[in-house]
Amino acid sequence: MSSARSRGWAVLLLLPALVVVLVFFVYPVFALSARSFLEPTPGFSQYVDLVTNETTVTILVRTLVVALLVTVVTLLLAYPYAYLMSLFGPGMRTFLLFLVLLPFWSSLMARTFAWIVLLQPSGPVAGFLGFLGLDGVKLLGSQLGVTIAMTQVLLPFMVLPLFNTMTGIDRRLLSAAHSMGASRFRAFRTVYLPLSVPGVAAGSVLVFILSLGFWVTPRLIGSPQQSLVGQLIETKVGKLLDFPGAGAISVVLLVITVVLLLAVGGGVRALVPGAKTDGGRDDG
Amino acid sequence: MRSTIPRTALLAGAVGVALLAGCSSTPADGGSSDGGGDQRLTFVTYGSAFQEAQEKSMVDPFIAETGIDVTVESPVDPAKLKVMVEAGNPTWDVYLAGQQDVPAYCGTLFEELDLSNIDEADFAPGTVEKCGVPVDTYSYMVAYNEEKYGDNPPTSIADFFDLEKFPGTRSMGSDPAEGNLELALLADGVAPDELYPLDYDRAFTVLDKVKADTVFWSSGAEQVAIMEEQRADMILVWSGRGYEAVQNGAPYAPMWEDNSYHWASLAIVKGSPNREAAQQFIDFAVSQGPQTVWAESIAYGPANLTATPKLDAAASAWDSSLQEHRDLSWQIDNAWWGENQDEVVQRWTDWSAG
């Protein structure tokens, strides 16, 4: 009885957030999606236009490729970092966490403009590459520059879920594996790595989905040849005033995101049978 | 004085309307935020130094003269404008419209104007339209790096696209409305009066020649940055931004040959509840006095050619309204653009992002 009552109160506490989400998220998304099916005539004409337009398809594919690339690079950078964080004592761990969180405390615009300064032809990154004998690498206005900047911006979103999962892994399991004769690598590969999969999945999904919607970074650092879906939607809304067309692309992105979430959620549960007991961290 | 209170009230009203629309999906009657009696209007413009110069030259004197309360907002946003007009409750009255927007949205997003107080002879031919009166001008033109090409400067737009005669890097706007396609055609020998309908394929063939060596900018600030960092040896810039970069020490010189004469217009938002005040404001803003102060406050030209700004030599060198510069200019065909804007943007996007 009392638990049902307290649950009632909890729902009441949820109400303000729920109203905000309904009014400012669900309703606009629904309205925009609805327009993509209703205009100019009810049906799927917007979606037919979308898949038959070569540019739209190119940009969609490019967005998926860039998102995948950024996800892989952030994972490669974040995994060892999070692993070290989980090994160190509280002092060092706080310091490393501080370094990861630092970008969170500065605005995305400030960081993007910092990258413009760093990546410009006379800038320090080009200077360093020149020092290594790599002259004339185009950083600003290129896919390379966009990928570098996006990776930096999204790194915390990979490190934090990984770190979260890794702190929950019982390191005695590794000792157990060693005592059974496993090499360090084997113990890592067969024991540690699978246990860290929920973190890898959570971080990857987060970074991938955020990459899909990136707009500021490719717009400011890339040139039109690197434009991603966000910029296409901007052109459709801001220049062509084509709300239904923009809605159609948004719906496609939304569908990709939902499918991905379901697939990864299912995949993790299939791969790591015990994952569900791991503090529920895999249920993203 | 302009007060910020109406803006807050409007914002609160807008949020209220959004909440109502979101919860019950009944359109709000909207009567609450508009008081009767005192006249007021909301003018939406570009922001930053541009807006400050407009406030100083047009808005503040207008308030002083008429007592009509003007709220200035920024930036302009065609998408927001469309939503407002569709919702039937625009909170904007006067809109600073890009020149192609005027014919494109005349009658749909903009009201037809009362031109009885406007003397078309005071403005460049073809710039006064049914739904818009020009309020400022600039040129989209070549600026070249003097350190690179100073001994043998470019003398026509063809030189911009000629990487053999003028090897180096280029920069241009990422918005085709600046006139990139037209400039490519001019470079290829098309006469200014034979540009339309645009031959897309021919234009893109010319643009392809420099595409790989071109940086595309999407804002005025970016143009200045590119020149200051010398990231492009030749750049298609807005005249005012070229002047700004040179003032900041960038080693660039203007090339006026084939400059594209641009303007922005004042338009009245369709369904504006303050049409009369809006019309009064437009008549005032484009008149000689405010236009003179305007041109002296910022590196943009006056649209009203009877204005008599006093500029120093450095500013005159980049002044798009100067007769000798206008003699070398050409103009985008707004009427054609109004009808074909969607197609141009689509083709341009296909070329630049595909």
Side-chain angles (χ1 to χ4, degrees), chain A residues 19-28 30-32 35 39 49 53-63 113 116-117 119-123 126 136 138-142 216 218-229 231-243 245-246, chain B residues 15 18-25 75-83 85-87 98 100-101 104-105 108-109 169 171-177 180 207 211-219 221-222 225-226 228-232 341-354:
Chain A
V19 168
V20 169
V21 168
L22 276 176
V23 171
F24 295 107
F25 181 70
V26 176
Y27 172 72
F30 173 78
L32 195 64
R35 283 186 85 158
E39 295 177 28
D49 289 351
N53 183 307
E54 218 175 292
T55 312
T56 310
V57 175
T58 309
I59 293 177
L60 262 176
V61 171
R62 180 191 299 146
T63 306
F113 278 109
I116 293 179
V117 174
L119 294 176
Q120 70 192 36
S122 55
K138 195 177 171 196
L139 294 162
L140 209 52
S142 75
V216 169
R219 183 179 160 132
L220 291 178
I221 292 181
S223 54
Q225 288 102 308
Q226 281 92 47
S227 51
L228 302 184
V229 154
Q231 284 147 288
L232 186 63
I233 293 176
E234 184 214 1
T235 304
K236 287 214 183 275
V237 172
K239 291 222 184 80
L240 299 171
L241 305 189
D242 177 9
F243 293 99
Chain B
V15 171
L19 278 168
L20 273 174
C23 294
S24 62
S25 34
V76 298
D77 182 343
K80 206 164 152 185
L81 175 70
K82 186 180 173 177
V83 171
V85 172
E86 278 182 357
Q100 285 102 330
D101 292 342
Y105 308 132
T108 54
L109 299 183
T169 48
S171 181
M172 67 177 85
S174 57
D175 184 346
N180 294 334
L207 284 158
K211 188 179 181 182
D213 300 285
T214 295
V215 179
F216 292 90
W217 49 256
S218 49
S219 71
E222 242 182 298
I226 289 170
E228 285 179 359
E229 293 154 13
Q230 302 189 41
R231 277 163 50 198
Q341 177 150 283
D342 286 4
E343 191 189 26
V344 187
V345 172
Q346 199 66 61
R347 289 293 301 255
W348 174 263
T349 308
D350 290 348
W351 176 77
S352 64

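A, B, ... follow the sequence lines: proteins, then strands. Residue 1 opens every chain.
Rounding to the nearest 0.5 Å places CG of B:Leu81 at 8.0 Å from CG of A:Leu241. Taken from CH2 in B:Trp217 to OG in A:Ser223, the straight-line distance is 15.0 Å, to the nearest 0.5 Å. In this structure, B:Thr349 OG1 and A:Lys236 NZ are separated by 8.0 Å, a value rounded to the nearest 0.5 Å. Taken from CD in B:Glu222 to CD1 in A:Ile116, the straight-line distance is 6.5 Å, to the nearest 0.5 Å.
With a 4.5 Å cut-off on non-hydrogen atoms, B:Lys80 does not touch chain A at all. Contact of A:Glu54 with chain B is not made at all, since no heavy-atom distance falls under 4.5 Å. Both the backbone and the side chain of B:Asp350 come within contact range of chain A, judged by heavy atoms closer than 4.5 Å. Residue B:Ile226 does not touch chain A at all, counting heavy-atom pairs closer than 4.5 Å. Only the side chain of A:Asn53 comes within contact range of chain B, with heavy atoms under 4.5 Å apart.
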I would like to know whether A:Arg35 and B:Glu86 meet salt bridge (Lys or Arg N to Asp or Glu O under 4.0 Å); could you show each step before the answer? CA-CA 13 Å; A:Arg35 283 186 85 158; B:Glu86 278 182 357; 3.4 Å; yes
Apply the test side chain to side chain contact (heavy atoms under 4.5 Å, CB included) to residues B:Trp351 and A:Thr55: give CA-CA distance (whole Å), side-chain angles for both, the deciding distance (0.1 Å), then the verdict. CA-CA 8 Å; B:Trp351 176 77; A:Thr55 312; over 6 Å; no
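Here the side chains of A:Leu240 and B:Gln341 are not in contact, with every heavy-atom distance at 4.5 Å or above. Proximity of B:Ser218 to A:Arg219: side-chain heavy atoms (C-beta onward) are separated by under 4.5 Å at one or more points.
Between the B:Arg231 side chain and the A:Leu140 main chain, no donor and acceptor come within less than 3.5 Å of each other. In this structure, A:Lys239 contributes its side chain and B:Val345 its backbone to no donor-acceptor pair below 3.5 Å.
Considering all non-hydrogen atoms of both residues, A:Gly238 and B:Pro78 come closest at O-CG, 3.5 Å.
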